[in-house]
Participant: 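Dropping a structure here in structure tokens format, bear with me for questions.
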Amino acid sequence: MSENIKVVENATCTFCGCVCDDMILTVDLDEKRITKSKNACILGKAWFAEHYIEEDAPAAMIDNKPVSIEEAVEEAARTLVNARFPITYGLSDTTCEAQRQAVAITDSIKGNIDTTTSVCHGPSGIALQGVGESTMTLGEVKNRADLVIYWGGNPAESHPRHFGRYAVTAKGMFTPRGKKDRHVVVVDVRRTPSAPAANQFIQVKPGKDFEVLWALRALVKNRAIDPDIEAITGVSLETLQELVDRMKNCRYGVLFFGMGLTMTRGRHFNSGALLALATDLNEYTHFVAKPVRGHGNVTGADNVMSWQTGYPFGVNFSRGFPRFNPGEFTTVDLLAKQDVDAALIIATDPASNFPQAAIDHLAKIPVICLDTKTSHTSQLAHVAFRTSTYGINTEGTVYRMDDVPITLRKAFDSPFPTDEEILTAVKKRVRELVLAKGRARGATGESKAAAPVQAI
Amino acid sequence: MPETMLLIPGRSSKQGTSLNKGKLGEEYLDITSTVEIDVDEMTRLGFNSGDKLRLKNHIGEAVVTCVPKKAGHLPEGMIFIAYGPTSSRLMESDTAGSGMPLSKHISVEVEKIS
Amino acid sequence: MTECIQLAGGKVHDPANGIDGDIRDLYLEQGRIVETPSSKPRKIDVSGMVVMPGGVDIHCHIAGPKVNLARKLQPEDHRRDPHPGTEHTRSGAGGTVPSTFATGYRYATLGYTTAMEAAVPPIGARHVIEEFHDTPVIDKGFYVLLGNNIFLQQLIKAGRKEEFRHAVAWWINATKAYTAKLVNPGGDEPWKGKKNSNVKNIDEKSDAIEVSPRQVIESFIETVNDLGLPHPPHIHCNNLGHSGNFETTLETMKTAGDKRVHLAHIQFHSYAGEPGKNPKSASRQIAEYVNEHPNITCDVGQVMFGKSTIMTADAPLAYMLRGFKKAKWVNADTECESGCGIVPFSYQEHVYVHALQWAIGLELFLLSKDPWRIVLSTDHPNGGSFMSYPKLIRLLMDREFRREEIKRVNQKAINGTILNELDREYTLNEIAIITRAGPARALNLKNKGHLGPGADADITIYDEMDDKEAMFNAPRYVVKSGEVIIEDHEFRQDYYGKFLHTEPGYDESIVSEVRPFFENYYSIEFANYAVNDSYLHDHEVIPTV
């Protein structure tokens with residue numbers, strides 16, 4: 001360890017959607033490493049400790065051969081402009097500033113843009129569009145919640161500080177005794193490591209979440225439900241009735257939910273049933289719900305997409321304006337249908353977690369990849385950029401799972417450019433190429449300035 | 001005779017920490033190709049800790065290592081795996097118009113191979 | 001370097017400088033209007049056309065957390081109204097809650113060059129500024145929600161006026177806001193903490209906070225005036241939308257005494273009748289009070305028939321509106337600071353209440369004696385989209401058109417109003433006042449809303465037409481900061497637009513009071529709360545007065 005040590009206070013961990021902004025990082029500036037990350041959870045500690053600069057790694061490669069960044073930008077821009085059906089995908093692990101550039105590129109090339117939301121809480125986004133939501137920032141949970149229910153999620157392993165910082169043991173304005181002032185319920189198909197944190201664990205048969213949620217809605221409205229509910233769902237009528245009584249009589253109730261709802265049978269119907277349940281309960285008391293989002297800035301991606309295009313994910317610009325259609329303009333579908341002929345993948349690794357059919361198509365087309373590390377996707381990429389890590393080497397804005405924006409602090413400099421820098425350069429070159437292409441086809445830009453690009 | 005079981009991929013602490021060391025690292029690949037099965041169910045099926053199992057469905061197949069999970073955590077017929085390249089091989093790409101593959105509810109045939 | 005431009009031969013409407021349709025040449029240089037140009041200007045012949053300052057929207061909802069949630073909520077709103085890009089402009093989505101790019105360009109195509117987002121929770125300030133970066137052409141700022149801020153209410157309760165003043169100034173600086181906004185002051189705590197109840201009376205104290213709405217209103221009016229913020233407290237009164245609420249509105253105005261105050265979307269607060277029953281018009285009582293009190297400015301919040309989106313920090317109101325159709329509804333609580341409700345909505349001619357709201361708005365416009373203190377707004381998108389401003393202008397300028405429109409709506413509602421008796425027609429100069437000169441003055445934007453030397457060269461040029469809706473729908477030229485953005489109805493370039501905010505002074509020692517509250521009750525770190533200067537880019541600090 002060198003003498004050249006810096007301490008960064010109020011730094012932010014962007015590993016998961018909790019986006020804890022109370023990190024105290026000890027940085028060895030000579031070694032370019034974070035040697036200590038006070039307040040971080042087990043995942044955050046690994047996030048900071050394992051972050052080191054691979055000085056020898058090339059910043060840009062074409063077909064796995066090192067090239068200058070300029071050459072790689074040129075090749076990336078040409079690949080995207082020449083494609084008939086280019087897609088942009090990823091974005092959940094980069095700053096909003098970079099996300100804004102990615103949408104701009106896709107608008108210019110009339111491509112398709114989608115984020116990891118489509119394979120995480122995309123169904124919850126669809127549910128929101130159907131039924132709305134009653135929701136809150138996490139500080140409201142800390143200050144007010146006396147009933148907290150986690151459904152289909154395992155924060156003890158996926159969001160380790162969710163309990164302590166926001167929702168279970170956190171002490172707030174009207175909950176001065178923390179957990180003693182709350183009743184906590186975990187609902188899941190398996191007894192996860194989160195279950196011991198709760199006062200009550202309710203085990204649902206796999207694939208039966210919707211039935212349980214719908215039965216709860218009926219009971220809230222004092223309607224009769226199928227007496228065989230226990231045989232169908234694994235949860236007894238008494239348990240459900242007791243839960244309904246608790247929900248109706250609490251002061252400030254919260255339903256957190258995870259991908260146990262969105263990734264199983266029912267998908268957006270499950271999320272919709274849960275959101276509708278929370279809404280229904282507002283006839284009796286104050287009740288809110290919130291998906292426990294995964295990646296550090298997946299919520300920012302939803303926000304940037306929504307303000308720039310009007311839609312949160314799954315957006316297609318092929319007609320010169322944004323259109324939204326999950327199932328058609330979402331990435332797994334597009335790749336599996338083999339419609340796509342070029343892909344710009346930013347800060348995610350679909351080659352390691354998509355269904356095999358989608359991965360197979362990704363391997364056949366030119367991929368442009370921006371990542372901080374070598375990944376399955378970067379290995380199959382035609383153009384691969386190595387970029388600096390947000391929240392460690394890069395400042396910028398991220399949105400916590402509850403849409404609260406937070407500004408990142410830099411711990412130390414990276415020799416690699418930021419996602420924003422690369423995407424801004426690609427955008428500039430893409431625009432030049434698109435305009436040139438338009439003029440070559442007769443749209444005279446100078447004399448008739450407003451000739452629409454979409455005529456190309 | 002292969003046993004039909006329900007594979008639930010999910011996050012785990014070890015998957016999360018090893019991910020930071022790199023998705024191409026041995027530790028991540030090990031963790032994402034290890035399945036948990038209820039200890040009593042393992043006995044019933046004649047599996048031992050460390051056995052190699054073949055998981056197979058209409059999409060593809062994968063070889064995984066099995067470890068026991070203490071009783072009461074996983075219901076009968078359910079196996080748990082940390083997300084990663086292994087679960088991808090068994091995942092249906094059809095999203096039923098939602099954009100989301102059924103990533104947490106995968107029916108597989110399980111067979112011991114060694 | 002911007003070129004020097006001569007706008008030659010137009011009929012200039014510049015009420016702030018006493019110019020009412022005179023034929024004049026205007027010279028633009030370096031983004032400003034100048035007396036004489038320093039070099040030979042490019043001449044644009046605008047003879048026969050009407051020249052006005054760019055429009056100023058004093059109250060709209062165009063950016064930030066609730067707006068973006070309303071965008072996410074309504075793909076159906078965007079789908080029927082796409083916004084294609086051009087060589088110079090980005091694409092987007094329209095509807096009642098357009099995407100950021102569509103918002104900026106569409107304001108520009110109506111000749112508006114400045115717009116103020118009217119309700120942002122402090123913790124969402126960073127978000128609103130990020131969206132502003134992607135809202136082209138127009139200059140923009142926002143009002144920060146402080147009327148349900150728990151820390152500030154505690155200071156009010158303790159009678160710590162000095163600390164309250166410094167804390168308000170600290171919050172304005174920390175969020176880079178333009179002024180303080182109050183929405184249903186005192187109503188958040190019973191909503192969040194007492195099973196979705198609300199305050200019903202301006203003097204009712206909520207159990208947890210023990211401060212009445214009147215105390216909050218009084219404290220802000222006094223403090224914001226003391227601080228000299230360019231715009232006074234911008235108030236959304238208690239009891240919005242409820243029958244009989246005009247008394248609350250009158251009480252709120254009385255609380256101001258002779259101090260400056262702005263009442264937002266006053267149409268929604270001008271209802272007589274008994275609570276829980278159908279409303280009646282109280283526009284005469286409200287207009288009379290406003291007419292007699294020069295310290296008061298207001299915007300109307302006109303209802304226009306068709307699709308709207310209710311989005312408000314007044315969460316109990318949104319819940320009440322949700323009750324009519326039980327369609328999708330959003331509630332969003334912001335810790336220690338605010339509430340929020342969103343409901344897709346539509347105003348229909350045949351519905352008594354909607355027709356009455358429409359008529360009350362028009363009555364207020366027509367009964368108002370001083371156009372400088374009543375601003376044209378639809379509380380976009382609550383009363384309707386800003387895209388309906390041209391139609392609203394025609395309703396005010398064209399008596400015959402108004403009569404035809406009156407015939408199409410619920411007559412029972414009309415019969416309870418005096419709308420049929422009001423013959424007044426707004427002149428072009430009066431329109432220039434209620435859409436530009438007046439709001440610029442109410443905002444203390446000294447370089448906007450007029451065309452005198454030194455003013456920002458934000459100019460709109462219309463073809464003069466009998467059909468005022470058509471005229472105001474499509475200006476032939478729009479100039480922003482001296483750049484010709486729209487020429488012959490088409491975009492010729494993109495433009496960024498400035499961010500407007502203010503920086504009142506305060507005693508730094510207030511930080512040591514705010515910080516402990518933060519550490520106990522907020523979920524982000526105090527050090528990460530204030531918006532840093534990296535978000536500013538092109539901006540202008542509007543001085544305190």
Participant: Let me know if A:Phe48 has heavy atoms under 4.5 Å from chain B in its side chain, its backbone, both or neither.
Facilitator: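 For A:Phe48, there is no contact with chain B at all, as no heavy atom is under 4.5 Å.
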
Participant: B:Pro75 versus A:Val189: any side-chain heavy-atom pair under 4.5 Å?
Facilitator: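 B:Pro75 does not reach A:Val189 side chain to side chain.
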
Participant: Quick one: of B:Arg89, B:Lys21, B:Glu92, who has the most non-hydrogen atom pairs under 4.5 Å with chain A?
Facilitator: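 Going by pairs under 4.5 Å, I would pick B:Lys21.
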
Participant: Among A:Asn325, A:Asn353, A:Ile359, who wins on heavy-atom pairs under 4.5 Å with chain B?
Facilitator: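 Ranked by heavy-atom pairs under 4.5 Å with chain B, first place is A:Asn353.
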
Participant: Please report the closest heavy-atom contact between B:Met100 and A:Thr262, naming both atoms and the distance.
Facilitator: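 Nearest heavy atoms, B:Met100 then A:Thr262: CG-O, 3.4 Å.
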
Participant: Check whether any side-chain N or O of B:Ser88 sits under 3.5 Å from a backbone N or O of A:Phe354 as a donor-acceptor pair, and report yes or no.
Facilitator: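 Answer holds: yes.
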
Participant: Which answer fits B:Ile8, side chain, backbone, both or neither, if we ask what part of it has an atom under 4.5 Å from a heavy atom of chain A?
Facilitator: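 The answer is the side chain of B:Ile8.
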
Participant: Please indicate whether B:Lys112 has more than 12 foreign heavy atoms, meaning atoms of other residues, nucleotides or ligands, lying under 6.0 Å from its NZ.
Facilitator: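 Yes.
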
Participant: For each of B:Gly77, B:Pro9, B:Ser87, B:Gly72, tally heavy-atom pairs with chain A at distances under 4.5 Å, and name the one with the top tally.
Facilitator: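 With the most close heavy-atom pairs to chain A, the winner is B:Gly72.
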
Participant: Go through A:Ile126, A:Thr330, A:Thr264 and name the one with the most non-hydrogen pairs under 4.5 angstrom from chain B.
Facilitator: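 Among A:Ile126, A:Thr330, A:Thr264, the one with the most close pairs to chain B is A:Thr264.
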
Participant: Heavy atoms only, distances under 4.5 angstrom: which of A:Lys337, A:Gln379, A:His268 has the most pairs with chain B? Name it, please.
Facilitator: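 The candidate making the most pairs under 4.5 Å is A:Gln379.
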
Participant: Heavy-atom pairs under 4.5 Å with chain A are the metric here; pick the option from B:Gln15, B:Met78, B:His105, B:His73 that has the most.
Facilitator: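 Maximum pair count with chain A is reached by B:His73.
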
Participant: Looking only at atom types and distance, does a side-chain atom of A:Lys373 sit under 3.5 Å from a main-chain N or O of B:Asn20, one as donor and one as acceptor?
Facilitator: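 Confirmed, A:Lys373 side chain pairs with B:Asn20 backbone.
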
Participant: For the interface with chain B, which of A:Ala49, A:Pro206, A:Cys41 has the highest count of heavy-atom pairs at distances below 4.5 Å?
Facilitator: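 The answer is A:Pro206.
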
Participant: Kindly check if the number of other-residue, nucleotide or ligand heavy atoms within 6.0 Å of NZ (B:Lys14) is above 12?
Facilitator: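 At most 12 heavy atoms, drawn from other residues, nucleotides or ligands, come within 6.0 Å of this atom.
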
Participant: Give me the atom names and distance for the closest heavy-atom approach of B:Ser93 to A:Val332.
Facilitator: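 Result for this residue pair: O-CG1, 3.4 Å.
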
Participant: Please round to the nearest 0.5 Å and tell me the distance separating atom NE2 of A:His376 and atom NZ of B:Lys23.
Facilitator: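 Reported to 0.5 Å precision, the distance equals 8.5 Å.
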
Participant: Let's test your reading of the structure: which of A:Thr331, A:Asp188, A:Thr374, A:Asp349 forms the most heavy-atom pairs below 4.5 Å with chain B?
Facilitator: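 Answer, by heavy-atom pair count under 4.5 Å with chain B: A:Asp349.
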
Participant: Could you check which of A:Gln203, A:Glu328, A:Arg265 has the highest count of heavy-atom pairs closer than 4.5 Å to chain B?
Facilitator: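 Most heavy-atom pairs within the cutoff with chain B belong to A:Gln203.
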
Participant: Under 4.5 Å from any heavy atom of chain A, what part of B:Leu6 do you find: side chain, backbone, both or neither?
Facilitator: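 Looking at B:Leu6, just its side chain touches chain A.
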
Participant: Between A:Arg267 (side chain only) and B:Ser98 (backbone N and O only), is there a donor and an acceptor less than 3.5 Å apart?
Facilitator: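 No: the side chain of A:Arg267 does not pair with the backbone of B:Ser98.
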
Participant: Find the distance between CE (B:Met91) and CD (A:Gln356) and round it off to the nearest 0.5 Å.
Facilitator: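 Rounded to the nearest 0.5 Å, the CE-CD separation comes out at 10.0 Å.
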
Participant: Can you tell me if B:Tyr28 has over 12 outside heavy atoms packed within less than 6.0 Å of its OH?
Facilitator: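 It does: B:Tyr28 OH has more than 12 such atoms within range.
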
Participant: With only heavy atoms counted, which part of A:Ser375 is less than 4.5 Å from chain B, the side chain, the backbone, both or neither?
Facilitator: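 Just the backbone, heavy atoms under 4.5 Å.
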
